[in-house]
Protein chains: 2
Amino acid sequence: MVDVAARAGVSVKTVSRVVNNAPYVQPELAQRVLAAVAELGFRRNHLASSLRSGQATATIGLLIEEIANPFYATIAGAVAEVASDHDTMLLIASSEEDPAREQQLLRDLCARRVDGLLVVPAGEDHSFLQSEVDLGTPAVFLDRPAGELRADTVLLDNRGGARAGVRTLVEAGHRRVGILLDSTSVYTMRERLAGAREALAAAGAAIDDRLVRDGIRDPGTAARVVGELLDQPDPPTAFFSLNNRISLGAVEELHRRGSTAALLGFDDFDLARLLPYPFTVVAYDTRALARAAAELLFRRIAGDPSEPRSLLIPTDLVERGLPGR
Amino acid sequence: MVDVAARAGVSVKTVSRVVNNAPYVQPELAQRVLAAVAELGFRRNHLASSLRSGQATATIGLLIEEIANPFYATIAGAVAEVASDHDTMLLIASSEEDPAREQQLLRDLCARRVDGLLVVPAGEDHSFLQSEVDLGTPAVFLDRPAGELRADTVLLDNRGGARAGVRTLVEAGHRRVGILLDSTSVYTMRERLAGAREALAAAGAAIDDRLVRDGIRDPGTAARVVGELLDQPDPPTAFFSLNNRISLGAVEELHRRGSTAALLGFDDFDLARLLPYPFTVVAYDTRALARAAAELLFRRIAGDPSEPRSLLIPTDLVERGLPGR
DNA sequence: CCAGGGCCTGACAACGTTGTCAGATCCTCG
DNA sequence: CGAGGATCTGACAACGTTGTCAGGCCCTGG
């Protein structure tokens, strides 16, 4: 900048004014400055600028579990759109479900003085963010609630969606429902399971805990577990799969066996139409979830001082039949 | 930092030394500093730090077309892993295939003084990056070559893969091959098309340009175009679809009609096993592409001064049969 | 006993930018 | 004709940090 100023024969302050489109600069001087900028290939240092002018790095941090996962990629895409509307860049970090890594990454994002944080939490305790939030870095949590921290939260209606879905199973006469899930350590899974229990309880059907199977991480395992449940005496007449990775394995196994058991899944698929065995799913709008969170964050960044808010994004029952009937 | 120094009764420089684990600090003083840091909730300002110490913002920029697209999400995931190994954060921007936007975003990333750039180019001319590269911000292009700029490039073997794929069609006796593509304005599409032409030419089968259909952006259009081609006199006996969005529509339409035409696709699918109509695809390792590019970038950041390199990631023919036979 | 080196600390300037303020010029209006 | 405002410009300090350097202490070895 000093070089540009020297070249244009003006002060650095005038250069600063020109590159920031500040008012009150003679057109002729501005021309000279612009020429010098072009000749010297000058580019304003955004870091120095936001250091000096206090806040506004025009960057927000997004912390998710894993960028390559389509769910999080969709979130990232929707957040990027909203950020772009606010001329803001996106710093993305993946916690890989590791609370220690999450904490370190969040600290790092704060050290980079992001204007705000969007977090899909992995850990249980986010009190370490309290000081940052107090110091003016707003944080919005999405998909899962924050632990030990009062903050804005945008969640899916996991419980309500699961309840509505399982109710259709119940109404179709099913009482023995196999429930397939990833891990109860994840909030969304617990909520979906709770919703399923509520729907069964409402029908007076106590849930059979031997039909609830945990720790299913991939379609292969899901297929195996479905097989095991079907092979035991008094097998389930329907399955509720708590995410689409599991649904995939389940549908394959049911198809392979020509089973008539019903299947209900949480999470929709892109390629649902192509599956050999259509089934009803509890769908939701991932982009709406992410957009709501991002928009809330930008309201906070703009200075909205109101009480922390909790938004619930509705789910949608997409009926593709219950093939087991 | 001055507050911490005051609280601990030391100079700011000593605080700096402690928070950077510099040697030659009395353990007792370090203790006092650490205590003050904890009490005051001090967090080092990474911006100021990298401003003062010259380079190394420990951030790289990734410019892609669209984050929500699984191809780019996979790239982002692999890049994030490599970046994480180098304790580097990832600033991600989406050009949405708009060259003007791409240029603006790249300039913005440079203004943020990223240590390096990873670019899936949208535009044709990247000479505006020359000054940045000269000034020490290395750039690596991936999936598509840079325009008007000598720079490292990591590409898929689009042409070779298409040639190998179409050769299998030719060997199976097909001479009339319908070719379905998105847009010839995209480099990868042109290469794949060229590979297909080469394979057909090698068999002495001149390509019939009426069978090459352009501008197919979604599965629905793909399905319609397949129908049109099949309905015309002397229809193709095989199709080569240049990306998986198109393959999806094509396979649906072929399935719907019970057609015996063969189908070959570029791009593999996650759910390929579940498709009702298996077909051979030209697959590739997106993660390998991205990792190679990221690793090359970090070598440049570390100071590797060698000539710009061009890497070619091989494709892999995954034979799932040619159902048309 | 002193030279020389390792250990430890702090004052100061600087990174590239912009907020603040003072000053200069010009115009307008009473 | 002068006061007051609008327009324009630059000197200076400051943002939060770290590189440089000077200086102090203590030890070791000749």
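Chain naming here is simple, since letters A, B, ... match the order of the sequence lines and numbering starts at 1 in each.
Across all strands shown, V10(A) has heavy atoms under 4.0 Å from sugar-phosphate atoms exclusively, and none from any base. Heavy atoms of R17(B) sit under 4.0 angstrom from at least one base atom. Among the heavy atoms of the strands, none lies under 4.0 Å from L47(B). Residue-level contact check: T14(A) touches the backbone only, with heavy atoms under 4.0 Å from sugar-phosphate atoms and none from bases. At the heavy-atom level, R113(B) lies nowhere under 4.0 Å from the strands shown.
Using a 4.0 Å cut-off on heavy atoms, the residues of residues 18-27 of chain A that approach DNA chain D are Y24(A), V25(A), Q26(A), listed by number.
As rounded to whole Å, 15 Å separates atom C1' of dC15(D) from atom NE2 of H46(A). With rounding to whole Å, K13(B) atom NZ is found 20 Å from dG24(D) atom P. Nucleotide dT17(C) holds its P atom 10 Å from the CG atom of D3(A), rounded to whole Å. Atom pair L29(B):CG and dC8(C):C1' shows a separation of 9 Å (rounding to whole Å applied). Remark: P of dA14(C) and CG of N45(A) are 18 Å apart, rounded to the nearest angstrom. Counting to the nearest Å, the C1' atom of dA13(D) and the CG atom of L51(A) are 13 Å from each other.
Using a 4.5 Å heavy-atom cutoff, the side chains of L34(B) and V18(B) are in contact. Side chains of L155(B) and S310(B) form no contact here, defined as non-hydrogen atoms less than 4.5 Å apart.
A salt bridge does not link R299(B) to E295(B): none of the charged side-chain nitrogens sits closer than 4.0 Å to a carboxylate oxygen. Under a 4.0 Å N-O distance rule, the pair R43(B)/D108(A) does not qualify as a salt bridge.
Applying the 4.0 Å criterion to OP1 and OP2 of dC15(D), one finds that R52(B) has every side-chain N and O outside that range. Taking 4.0 angstrom as the limit, S16(A) places none of its side-chain polar atoms (N or O) nearer than this to OP1 or OP2 of dT17(C). Of the side-chain N and O atoms in S11(B), none sit less than 4.0 angstrom from OP1 or OP2 of dT9(C).
Between F71(B) and Y284(B), the ring planes are perpendicular. Angles over 60° get that label, and only those under 30° would be called parallel. The aromatic rings of H126(A) and F141(A) sit perpendicular, their planes meeting at an angle over 60°, well past the 30° parallel limit.
Comparing V12(B) and S53(B) by the nucleotide of DNA chain C whose heavy atom lies nearest to each, the residue mapping closer to the 5' end is V12(B).
Between the side chain of R144(B) and the main chain of V120(B), no donor-acceptor pair closer than 3.5 Å is present.
For R44(B), whose side chain is taken as the heavy atoms from C-beta onward, the closest listed nucleotide among dG19(C), dT9(C), dT18(D) is dT18(D).
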